[in-house]
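First the structure, in the form of structure tokens, and then the observations on it.
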Protein chains: 2
Amino acid sequence: MNKSALVYDDLMQKIEGEIYPVGTYLPSENQLCDLYGISRETGRKALAELAENGYIQKIRGKGSLVIEHHQYEFPVSGIVSYKELAAKLHIKTENIVYSYEPNAILPVADFTALGTELTEAPVTAIKRVRVINDEPDIIDKDYILKTVIPDVPRSAAEDSLYDYFENQLGLEIGYATKEITMAPATAEDCEHLGLKPGAYVAVVRSVTSLTDARAFQFTESRHRPDKFSFRDFARRAHK
Amino acid sequence: MNKSALVYDDLMQKIEGEIYPVGTYLPSENQLCDLYGISRETGRKALAELAENGYIQKIRGKGSLVIEHHQYEFPVSGIVSYKELAAKLHIKTENIVYSYEPNAILPVADFTALGTELTEAPVTAIKRVRVINDEPDIIDKDYILKTVIPDVPRSAAEDSLYDYFENQLGLEIGYATKEITMAPATAEDCEHLGLKPGAYVAVVRSVTSLTDARAFQFTESRHRPDKFSFRDFARRAHK
DNA sequence: GTTGACAACTTGTCTAAACAAGTTTATATT
DNA sequence: AATATAAACTTGTTTAGACAAGTTGTCAAC
């Protein structure tokens, strides 16, 4: 790991551990140089990332102020697997694969809004229900491109897809584009989530790509309306 | 404007103008140095921001690849005013103030989830309906802290609050935290958005702060379910 | 007491340089 | 033809330094 990432992690943990509580200032950039034995630019890189992720607000002439922070909010935040989220939040979660098709075709229409130009791409299709605290809250439909990942064993779907991609296959996940909309619940939604006809669900569609920019995973998540929540932190664009 | 921001804007416009189309590589970092007369680190700062905002994917050993990009998607994205969005997207939009209370009290309970500890704070309360293409799609309820901004004239609400804050008062908007949930439509929602009882709405609550980290604006937006859409770009956290 | 100037802090921007590491291409060797 | 090597590109990380600009406290002058 690089120095700036080490400094980032250390500061982040000290913020979350309230060694640097909300409302206080981090050590100044010059102090960070002495504390960690780094150059100022290296420290600034760590601070810039803390600011980007909503941990601090940098104020010129004053310092780096620790601000209120919300991350790892359930169930939609950044690119984090359910396994990681459950571990972080100490949530009791279960994962039921109710459909597994190793040779399917990508339903293109669902993802054209996210900039895909794929047609009739062969995929592994997986449908799962996420059970949280003994309640079925989310349906996940995953389509994984066979041109990038030829085989996705059912066992990987039952455990964690990301763990399989990253740790078993050594792939590097780069970025994802997400779209959140609302839609009337289908019969499938009602069946698996215990909803009444006429209800709505929150639909999260995402396309995930590797660090070499190859899109490989298309996901549609359908959420119970009363359990859905999404948090976002945004900075005002510079002028 | 700083050099890196100038380079960022120039490259961004050339990407959006398809001078650098999706699938091609930007000039290398050393070429950018010659093209703009800058040092490599300055160019890298611009590239890092393009990557952060989903314009490019940097690939070591190869270059900066232009990728599919979606920004300024209607109606919820980053911190952008409706006036800015409408101008950018050439959308016909109207803005009806149906409630204006210059001396109200912040409904604290709605925003505690976003980390507020305010109680009984005096605010200017504004309720507006956003009419897009002759259809009422969104209700916006804004509460602006009087301790930060004593007066918000009704005319500012009828035009653009952000324009008033930034250009009239000279305030610098820094960041915002947003929360998206779903909720049953209230009688007020049904009346202004033309919904039937039993319908759901998408609720976006946000707290916006200045660059000095003072929270000053609390907003609750309630959206017609069939028109609501939110786009997000996220990168996988480094290890 | 009030004001103003200054010094000492803070962050913001930019530069030039060095080395590491991944990719591609050309070249020499087998 | 196939392979290995090397060179020339690319981005990634870190350093040391300079100057600009905003904030705060001190101290002298009024």
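Throughout, a chain's letter reflects where its sequence line sits, starting with A, and its residues are numbered from 1. Just the heavy atoms: all of them, side chains too, but no hydrogens, waters or symmetry mates, feed the values below.
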For nucleotides 4-8 of chain D, which of its nitrogen or oxygen atoms have a protein nitrogen or oxygen under 3.5 Å away, and what is each distance?
none

In this structure, how many angstroms lie between the [atom2] atom of [N] and the [atom1] atom of [X], rounded?
| X | N | atom1 | atom2 | value |
| --- | --- | --- | --- | --- |
| E29(A) | dT13(C) | CD | P | 11 Å |
| K62(B) | dC9(D) | NZ | P | 18 Å |
| I56(A) | dT10(C) | CD1 | P | 15 Å |
| Y8(B) | dC14(C) | OH | P | 16 Å |
| K58(A) | dT10(C) | NZ | P | 12 Å |
| M1(B) | dT13(C) | CE | P | 12 Å |
| K45(A) | dT15(D) | NZ | C1' | 11 Å |
| N2(A) | dT15(D) | CG | C1' | 15 Å |

Side chain of [X], heavy atoms from C-beta onward: which of [options] has the nearest atom to it?
| X | options | result |
| --- | --- | --- |
| T42(A) | dT11(C), dC14(C), dT14(D) | dT14(D) |
| K3(B) | dT15(C), dT11(C), dT10(D) | dT15(C) |
| S28(B) | dT10(D), dG12(C), dG12(D) | dT10(D) |

Exercise. Verify side-chain hydrogen bond (donor to acceptor under 3.5 Å, both in side chains) between E16(B) and Y55(B), making sure each step is shown before the conclusion.
Key: CA-CA 9 Å; E16(B) 293 193 340; Y55(B) 285 98; 3.2 Å; yes
Quiz item: In terms of the nearest nucleotide of DNA chain D, which residue is placed more toward the 5' end: I59(A) or S4(A)?
Solution: S4(A)
Quiz item: Which ring pair (Phe, Tyr, Trp, His ring centres under 6.0 Å) pairs, counting each pair once, include a residue from residues 146-179 of chain A, with sequence neighbours left out?
Solution: F165(A)-F216(A), Y175(A)-F233(B)
When you check the gap from the basic side-chain N to the acidic O, do [X] and [Y] get nearer than 4.0 Å?
| X | Y | value |
| --- | --- | --- |
| E49(A) | R44(A) | no |
| K58(A) | E29(A) | yes |
| E41(B) | K45(B) | no |

Quiz item: Would you find more than 12 non-hydrogen atoms of other residues, nucleotides or ligands less than 6.0 Å from E18(A) atom CD?
Solution: no
Quiz item: How is L47(A) classified with respect to the nucleic acid when contacts are heavy atoms under 4.0 Å: base, sugar-phosphate, or nothing?
Solution: nothing
Quiz item: Out of D163(B), T93(B), D159(B), which one pairs with K83(B) under the side chain to side chain donor-acceptor pair (under 3.5 Å) rule?
Solution: D159(B)
Practice problem: Dump the intermediate steps for salt bridge (charged side-chain N to carboxylate O under 4.0 Å, His left out) on K127(B) and D140(B), then the final yes or no. | Solution: CA-CA 6 Å; K127(B) 295 185 183 179; D140(B) 266 14; over 6 Å; no
Distances under 3.5 Å between protein N/O atoms and the N/O atoms of nucleotides 16-21 of chain C, please, pair by pair.
residue, atom, partner, partner atom, Å
dA21(C), O4', R60(B), NH1, 2.9

Self-check item: Residue pair R214(A) / Q57(B), side-chain donor-acceptor N/O under 3.5 Å
Solution: no
